[in-house]
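Working notes for the structure below.
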Amino acid sequence: MSKFFYGIEDFFVNIFFKYLYDPWRFMDSWWASNSINWIFTIICFVAMFYWMKELKIFNDNGEEDKSISSHSYL
């Protein structure tokens, strides 16, 4: 089983992150080096706000199923 996790480590360290982040290492600016992280953060915030807006639309229309069916003690 340990070979499985070492394989995952090898993929992310030597293949995925190497080609994604290594081209940015030559930059001296912190902002430029972490621009990919900022882009992902902005995308996540936009997706979260969109999802909250959609949930509010369903809640305002009364389409939200609020019945308790998974546990009787809830």
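As a basis for the values below, the full set of heavy atoms in this structure was taken, side chains included, without hydrogen atoms, waters or symmetry mates. We number each residue from 1, following the sequence as shown.
Looking at heavy atoms from C-beta onward, Glu9 lies out of side-chain contact with Phe5 at the 4.5 angstrom threshold. Between Asn34 and Trp38 the shortest side-chain heavy-atom distance falls below 4.5 Å.
To the nearest 0.5 Å, atom CD of residue Glu54 and atom CH2 of residue Trp51 are 8.0 Å apart. Note that the CZ atom of Phe40 and the CZ atom of Phe45 stand 15.0 Å from one another [nearest 0.5 Å].
A continuous path of hydrophobic side-chain contacts links Phe16 to Phe4 [ILVMFWY only; heavy atoms under 4.5 Å]. The hydrophobic cluster containing Ile15 also contains Phe12, counting ILVMFWY residues as joined when their side-chain heavy atoms lie under 4.5 angstrom apart, directly or transitively. Using a 4.5 Å cut-off between side-chain heavy atoms of Ile, Leu, Val, Met, Phe, Trp and Tyr, with links allowed through other members, Met1 and Ile8 fall into the same hydrophobic cluster.
When the shell of 6.0 Å around CZ of Phe58 is examined, it contains 12 or fewer heavy atoms from other residues, nucleotides or ligands.
Taking Asn61 as the reference, nothing meets the side chain to side chain donor-acceptor pair (under 3.5 Å) condition, with sequence neighbours excluded.
Applying the side-chain contact (heavy atoms from CB on, under 4.5 Å) test between Ile43 and each of Ile39, Val46, Thr41 identifies Ile39 as the sole match.
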